[in-house]
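I have placed the structure first, in the form of structure tokens, so that the comments after it can refer back to it.
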Amino acid sequence: MGIHNLAKLIADFAPSAMKEQEMKSYFGRKIAIDASMCIYQFLIAVRSDGAQLANEDGEVTSHLVGLFYRTIRMIDNGIKPAYVFDGKPPDLKSGELVKRKERRQEAEKELEKAKEAGDTENVQKFERRLVRATPQHNEDCKKLLKLMGIPYVEAPGEAEAQCVALVNGDKVYGVGTEDMDALTFGTKVMLRQPHTSEAKKLPVQEYSFNKVLEGLNLSHEEFIDLCILMGCDYCGTIRGIGPKRAIELIQKHKNIEAVLENIDQKKYPPPEGWLFKQARELFKHPDVTPAEDIELKWTDPDEEGVVDFMCKRFGFNEERIRNGCQKLKKGRKGATQGRLDSFFTVVANKSSNKRKAEEMNGKKSKKAKGSFKKRK
DNA sequence: CCCGTCC
DNA sequence: TCCTCTGACCCAAGACGGG
DNA sequence: TGGGTCCGAGGAC
């Protein structure tokens, strides 16, 4: 998943494209998040003695624990998440998916071996490697989100691409992800792991797409070709060409076709039947629902519904769940208030410089729309 | 800060 | 010789709070 | 599964 080494390349060649912000400065912001990715991570990480958390009937709850508390944490910080669920992966990804399937089968064998040998350490290791978010997990999470009053979107294709559509269609401020290919899809703003920053006392890393292009001195099309050269999920790469050579070649020749004409293909052989054109097309025109067809609404949680679902069905501690619901209600009010507040400073120049206003106590005049002064 | 608990 | 890529290896991937 | 690090094998110069 993602673009190989892209974060490092940006750090090296376009450092100003990333700025670090305090969590607080995102108060009132809406953010799109790839739900499938979160669920997967929760299933892997939320464990006790190496096993997933579960209710008395053995139904897994790790994904619900993770989603519940992370969402509350964000709302509590005035950040409004909208979750996006994966649809069908594009056909081009099937090669990658076949590889993953093979690795799975490998892990299954290893798991059997470890079980027979009574090697608990390896059993856990390979169980973890076999984790996959099932339709049931997804449904559980959708139900919970609905009860919590948090909006979600079911993407026709890749969740990441749908998140980008929401950003660029001005439904949300940015996409919160670890997956750098959000930038390849062209997201105006990308936030890296906005949820962890508070807990770990780390700043949020904010990437600006325009500054990435500016810093690398590339157009969006050239940038896509660069990403393909460096390695994406959709097709192979040219052996012997890594980030350094890739960026040099794209800057010089502008696209992969021209690169191929100008390198010694004996020394740098492209993959057999290389599908770079199809990959390029996928990044340019991914299968997404247009943002204008999507309405995102944050509402108060249905506390009794949440308690019923989480406690009755999944055996969660009622006090904690009710506590969480209270935080949701409180945080939502604050965030709604805050959004209005920041509206005045934010909307003014959205694409380029965003707002330094927060610190500088903004005075803006460019781009008329909504550029009042920040009050307070 | 570390380490156990959450279910 | 220098630079760049590759492949091997290891590790950790959540959130939270009590002690 | 990906990321970080470290080392050896090539081409690049």
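To find a chain, count down the sequence lines: A is the first, B the second, and so on, and within it residues start at 1. Keep in mind that this is a model prediction, so the values were computed, not measured.
Rounded to whole Å, the distance from CD on A/Glu178 to P on C/dA12 is 16 Å. The CG-C1' distance, from A/Leu53 to C/dC16, rounds to 13 Å in whole Å. The separation between A/Leu64 atom CG and C/dA15 atom C1' is 14 Å, rounded to whole Å. Atoms CD (A/Gln52) and P (C/dG14) sit 14 Å apart, rounded to a whole Å. Between the C1' atom of C/dC5 and the CD1 atom of A/Ile247 lies a distance of 16 Å, rounded to the nearest Å. Rounded to whole Å, atom C1' of C/dG17 lies 14 Å from atom CG of A/Asn317. Rounded to an integer number of Å, the gap from A/Met230 CE to C/dT6 C1' is 16 Å. One can place CZ of A/Phe68 at 12 Å from C1' of B/dC6, the figure rounded to the nearest angstrom.
Within 4.0 Å (heavy atoms only), A/Arg320 reaches sugar-phosphate atoms of the nucleic acid but no base atom. Within the 4.0 angstrom heavy-atom criterion, no nucleotide atom of any strand lies near A/Gly66.
For the pair A/Glu221 and A/Lys284, the salt-bridge criterion is met [side-chain N within less than 4.0 Å of a carboxylate O]. Ion pair A/Asp170/A/Lys188 flagged as a salt bridge, since at least one NZ, NE, NH1 or NH2 atom sits closer than 4.0 Å to an Asp/Glu carboxylate oxygen. A salt bridge is defined here as a Lys NZ or Arg NE, NH1 or NH2 lying under 4.0 Å from an Asp or Glu carboxylate O, and A/Arg192 with A/Glu206 fails to meet this definition.
When the C1' atom is compared between C/dC10 and B/dC6, the two are found 28 Å apart, to the nearest whole Å. Rounded to a whole angstrom, the distance from the C1' atom of D/dG3 to that of C/dA15 is 22 Å. On the P atoms, C/dA13 is 15 Å away from B/dC1, given to the nearest whole Å. To the nearest whole angstrom, the two P atoms, one in B/dC7 and one in C/dA8, are 43 Å apart. Here, C/dC16 and D/dG2 have their P atoms 27 Å apart, quoted to the whole Å.
For the OP1/OP2 pair of C/dG14 and a distance below 4.0 Å, the side-chain nitrogens and oxygens of A/Arg128 include no atom meeting the criterion. Taking 4.0 angstrom as the limit, A/Gln41 places none of its side-chain polar atoms (N or O) nearer than this to OP1 or OP2 of C/dA13.
Listed candidates were C/dG14, C/dT6, B/dC7. Nearest to the side chain of A/Ala45 is C/dG14. Comparing C/dC16, C/dT4, C/dT6 by their nearest atom to the side chain of A/Arg73 picks out C/dC16. Here B/dC7 is the nucleotide among B/dC7, C/dG14, C/dT4 with the atom lying nearest to any side-chain atom of A/Phe316. Checked against C/dG7, C/dC5, C/dA15, the side chain of A/Arg70 finds its nearest nucleotide in C/dA15. Looking at the side chain of A/His195, the nearest of the listed nucleotides C/dC5, C/dT6, C/dA15 is C/dA15.
When Watson-Crick and G-U wobble pairs are counted only if both distances are under 3.5 Å, B/dC3 pairs with C/dG17. Base pairing of D/dC13: no nucleotide in any strand meets the Watson-Crick or G-U wobble criterion (both distances under 3.5 Å).
The aromatic rings of A/Tyr234 and A/Phe283 are tilted relative to each other, their planes meeting at an angle between 30° and 60°. Ring pair A/His220/A/Phe223 is tilted by interplanar angle, where 30° to 60° counts as tilted.
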Before you tell me yes or no, could you show the steps for A/Leu191 and A/Ile31 under side-chain contact (heavy atoms from CB on, under 4.5 Å), namely the whole-Å CA-CA distance, both residues' side-chain angles and the distance that decides it to 0.1 Å? CA-CA 9 Å; A/Leu191 308 174; A/Ile31 288 178; 3.3 Å; yes
For side-chain hydrogen bond (donor to acceptor under 3.5 Å, both in side chains), just list the numbers for A/Glu319 and A/Asn323, CA-CA rounded to whole Å, side-chain angles, deciding distance to a tenth of an Å, and then say yes or no. CA-CA 6 Å; A/Glu319 195 188 323; A/Asn323 217 314; 5.0 Å; no
Output one letter per nucleotide in nucleotides 4-13 of chain D: B when a protein non-hydrogen atom lies under 4.0 Å from the base, S when only the sugar-phosphate is that close, - when neither is. -------SS-
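Going from atom CG of A/Asp302 over to atom NZ of A/Lys146 covers 12.0 Å, rounded to the nearest 0.5 Å.
Heavy-atom contacts from other residues, nucleotides or ligands closer than 6.0 Å to CG of A/Asn262 number more than 12.
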